Structure formats: structure tokens, C-alpha cells
K.L.:
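Have a look at this one before I ask anything.
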Amino acid sequence: MELLVRQARIWGREGLWDVGVADGRYAEIAPRLAVAGAQELVAEGRLLAPAFIDPHIHLDKVLVAGEVRPNRSGTLREAIEILWERKARYTVEEIVRRAGRVMEAAVLTGTTRIRTHVDVDTIGKLRPLEGVLAARERYRDLVDLQIVAFPQEGIVRDPGTGDLMREAVRMGADLVGGMPHNEASPEESRRHLEICFEIAAGHGRDIDMHVDETDDPASRTLETLADLTVAHGYEGRVTAGHTCALAAYPDRYARKVIGKLARARIHMITNPPTNLLLQGRLDKQPIRRGITRVKELLEAGVNVAMGQDCVMDTFYPFGRADMLEVALITAHAAQMGLPHEIETVFGMATTRAAAALRLADYGVEPGCAADFVVLDAPTAAEAIRLQAPRRWVVRRGRVVAETVVTHRLHRGGEL
Ligand SMILES: [Zn+2]
């Protein structure tokens with residue numbers, strides 16, 4: 001064994017286990033392994049979980065907040081507009097630097113797989129993509145990065161973006177993104193969606209869109225996305241992020257849309273940190289939470305994951321790329337506090353995100369890629385409650401990060 005973890009609790013299993021890794025994959029998992037490991041980690045009852053996944057972040061935009069004017073209205077619209085001028089000045093080197101800092105923070109907190117959206121439009125053109133592709137190369141020993149070509153400024157209303165999207169896919173973007181509600185009319189939103197499906201089907205790519213990121217109940221592109229997913233035979237291959245308007249729909253219409261999402265096997269990603277801050281800005285009281293109907297989606301059998309979305313950009317001034325922080329915020333925002341609900345929230349950063357990313361070799365099972373995090377806590381609930389230190393982070397059987405925290409209480413005042 002190249003790596004042995006001794007006496008770990010494993011998320012989803014009872015008891016204590018030894019975990020043996022060979023060739024970057026789990027080789028054996030048993031209560032006691034008699035073999036020796038080239039490297040051994042003594043877990044002492046800590047929780048071993050599959051490494052976290054952040055399925056929705058914007059690495060091209062991270063850490064720009066200090067260099068632009070503040071977002072005074074606090075709305076999504078102003079956040080997008082502030083970025084126009086900054087985006088036109090991006091360079092590949094600074095994108096690599098900013099994205100790299102956040103990818104390092106992600107790995108240090110237990111995340112080894114990330115899906116990032118990257119702006120593709122006539123302002124920044126393909127520069128954001130060039131930067132994130134370079135960052136992917138620079139960090140390929142630490143992070144698996146999926147890239148989504150994201151037409152944030154619209155496609156119909158931003159002529160030329162459709163061609164840039166096609167070029168982005170040829171350059172190395174893995175998925176086709178979308179922002180269908182950012183068009184001038186329902187007809188143009190539908191055209192936006194159709195163009196995305198054309199590009200995706202033409203290049204054999206999956207789809208991951210920003211859908212109805214607004215609390216306007218008239219924003220109804222999610223239903224069209226579900227219809228087109230079935231029409232194109234894309235069931236299971238489409239992800240919808242944000243979908244805030246779903247929470248604003250009348251209950252009857254929301255139920256109808258959720259039924260269509262289940263039939264189209266669309267993966268849903270909620271981004272509570274950003275949406276709690278940006279949505280409901282025009283409400284007096286009560287102010288809506290601005291996040292999608294997480295519990296109703298889960299009850300209908302729809303896969304739901306969660307993402308950090310933003311780190312210190314024009315949309316959101318906080319964020320540490322730490323999925324335990326996202327989990328804590330999501331549990332509050334979606335009101336998931338029962339024991340089984342907390343387990344589900346933990347799954348939204350692990351197994352549920354893996355399903356959205358369509359990863360075949362994810363999980364703590366023999367044969368799967370040995371990507372895991374050992375937490376300074378015995379359970380998922382305690383890990384979220386305590387925002388537990390990530391004692392070790394392992395990717396493909398190699399320790400890529402470790403954290404040791406020292407706390408001392410001085411009762412007599414001595415140091
Ligand atoms: Zn987003």
C-alpha cells in the first residue's frame with residue numbers, strides 16, 4: 001500500500017476502518033489491515049469523507065472586489081454592470097493568480113474537484129477562458145477542473161457571443177453554459193436556450209446554466225429548459241444553477257415545474273451565500289430568502305447540490321471556497337436542521353455534487369479514486385457545526401494538504 005489510513009470513521013458506514021490506497025485508488029477497506037503502508041495516517045476516529053466538490057464557482061471573477069467600485073444597490077444587475085469595465089482589462093496572468101489563490105484555498109479546505117463558469121461575451125471575449133485554462137494547467141496536480149462557457153451578457157442581446165461560445169468549446173471548455181433569463185423577451189430567452197442546445201449537441205457536451213437568478217415570478221425559463229432537455233434526449237446531462245425564481249412562483253406552477261425537472265433528471269445547484277445577499281433587495285418585510293425550493297426538489301427526487309458561486313467579487317464580498325462554510329449557510333437558508341437533513345446537506349458537497357458532475361469513480365469504495373478529506377470531527381454534523389479543521393486532504397492517494405490547529409485556554413493569565 002502506498003498510503004494507509006488507520007482507524008477512521010467513514011462517512012455513511014458504522015465503526016472504525018483501515019483504508020488502504022494503491023495506485024491512487026482505494027485498494028482495501030477493512031476493520032484492520034495487516035499490511036504496512038509506505039505512508040500511514042493515524043486517524044484516531046476522525047471522519048474520513050470523499051473529498052469535497054464545488055460544482056459552481058466563477059474563478060475568472062474571484063478577488064476583484066478591492067479593485068472596483070462597490071455594489072451600492074446590492075443587486076445582481078449592478079454586480080454584472082460593475083464588472084464590464086474590469087472584465088475588459090483582464091490579463092491571463094492576473095486571472096491565473098486570482099483563480100490560483102482560490103483553488104489553493106479550496107484544496108486546503110478539502111475540495112479537489114471544481115466546476116467553474118467562465119464568462120464568454122463580446123466584452124472580455126475569450127480572455128477569461130484563456131486565463132482559467134492556464135490556471136487549470138498550473139494546478140492540475142491538485143484540482144480536477146471542469147470549465148463551463150458562460151454567456152452572462154446574453155446571446156441574442158450580445159451579437160457575436162454564439163460564435164465565441166463555439167470557439168470556447170473548441171478551445172477546451174468542457175460544458176455549455178447559459179443565462180437565458182438575461183434576454184429581452186421570453187421569445188429571445190427561448191432562442192438563447194435553443195442556441196445552447198445546438199452548440200452542446202453539436203460538440204457532444206453537457207449543459208450547466210444559470211437559470212432564473214431573480215425573484216421575479218414571471219421569469220420562467222426553467223420550464224423551457226426542462227422541456228428542451230427531454231426534446232433533445234439530454235436527460236441527466238443538464239444542470240440548472242440558482243433558479244431563485246422557482247421560490248417566487250405560485251405553489252401550483254412550482255409543483256408543475258418540479259415534476260418536469262424530475263422527469264428531465266436535471267441536476268439543481270443552489271448557491272445560498274450569494275443569493276441570500278443579492279435576492280429580495282426590493283422586498284420590504286418579510287424579505288424573501290432568495291434561494292430555490294431545496295426541500296421540495298429533494299422530496300420530488302431531484303438531485304440538488306450546492307456551490308460557493310462567488311469569492312470576493314462584485315456579487316459577494318465574502319467566501320473562502322470552503323464547502324463546510326457553504327454547508328452551514330445552506331443548512332440555515334434551506335432550513336435543514338434535522339439529523340437526516342444535515343446528512344443531506346453534507347451530501348450536497350460530496351455525492352450529490354459528484355452526480356451533477358457525472359463522476360464515475362467517486363466515493364470511498366475499492367476501485368474509486370482516492371480523493372478524501374480527514375476531518376477533525378467524528379460525524380458530518382459535527383464537521384459542519386464546528387467548521388472542523390481538515391486534518392489531511394488526499395488526492396489520488398497523495399497527501400496534498402494538512403492543517404494543524406492549536407488552541408490553548410489560559411485560566412491563570414500565564415502565557
Ligand atoms: Zn453563478
Side-chain angles (χ1 to χ4, degrees), residues 53-65 71 74-83 87 95 98-99 102-103 106 111 114-121 124 128-129 132 145-155 165 168 173-182 192 196 206-215 219 221-222 225 238-247 266-279 290-292 294 304-321 323 325-326 329-330 333 348-349 353 356-357:
I53 300 169
D54 186 348
H56 186 124
I57 194 168
H58 296 260
L59 288 175
D60 54 332
K61 301 175 172 128
V62 293
L63 306 177
V64 300
N71 181 352
T75 59
L76 178 79
R77 175 50 35 205
E78 185 174 348
I80 289 173
E81 290 178 9
I82 296 169
L83 208 59
K87 183 154 62 174
I95 293 171
R98 289 187 287 100
V102 171
M103 290 163 84
T111 296
I114 295 173
R115 178 182 282 179
T116 182
H117 296 254
V118 176
D119 283 15
V120 174
D121 52 54
L129 178 62
V132 173
L145 189 62
Q146 293 186 1
I147 298 175
V148 185
F150 173 43
Q152 177 172 268
E153 313 296 341
I155 298 176
M165 293 276 291
D174 305 286
L175 292 99
V176 175
M179 180 86 156
H181 68 282
N182 191 15
H192 179 123
C196 293
D206 290 356
I207 289 173
D208 187 339
M209 292 198 185
H210 284 60
V211 185
D212 302 326
E213 190 178 351
T214 165
D215 33 38
S219 187
T221 67
L222 184 57
L225 176 68
V238 175
T239 298
H242 295 287
T243 65
C244 310
L246 179 59
I266 289 183
H267 305 282
M268 304 292 281
I269 295 178
T270 185
N271 301 289
T274 307
N275 288 145
L276 280 173
L277 204 70
L278 291 181
Q279 301 301 316
I291 73 156
T292 196
V294 175
V304 184
M306 64 191 170
Q308 168 74 71
D309 197 21
C310 300
V311 174
M312 222 177 108
D313 55 19
T314 57
F315 302 79
Y316 185 69
F318 310 115
R320 300 187 299 158
M323 292 309 291
E325 181 175 285
V326 176
I329 294 172
T330 299
M348 289 166 71
L357 267 59

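In each ligand, atom 1 is the first atom listed, and ligand 1 is the first ligand listed. In this chain, residues are counted from 1 in sequence order. Everything numeric in this text was worked out from a predicted model, so none of it was measured.
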K.L.:
Where the Zn ion (ligand 1) is the centre, what is the NE2-to-NE2 angle for His58 and His210, rounded to 10°?
P.N.:
90°

K.L.:
Are any side-chain N or O atoms of Asp313 and backbone N or O atoms of Val64, one a donor and one an acceptor, separated by less than 3.5 Å?
P.N.:
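No, the answer is negative, given that no donor and acceptor are paired below the 3.5 Å cut-off.
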
K.L.:
Within less than 2.8 Å of the Zn ion (ligand 1), any N, O or S from His56?
P.N.:
yes

K.L.:
How many angstroms lie between atom CG of Leu76 and atom CD of Gln152, to the nearest 0.5 angstrom?
P.N.:
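That separation rounds to 7.0 Å.
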
K.L.:
Please verify the inter-ring angle class for His242 with His56; under 30° counts as parallel, over 60° as perpendicular, anything in between as tilted.
P.N.:
perpendicular

K.L.:
Hey, is the main chain of Leu246 close enough, under 3.5 Å, to the side chain of Asp212 for a donor-acceptor pair?
P.N.:
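No, Asp212 side chain to Leu246 backbone: no donor-acceptor pair under 3.5 Å.
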
K.L.:
Can you check the angle at the Zn ion (ligand 1) formed by NE2 of His242 and OD1 of Asp309? Round it to the nearest 10°.
P.N.:
90°

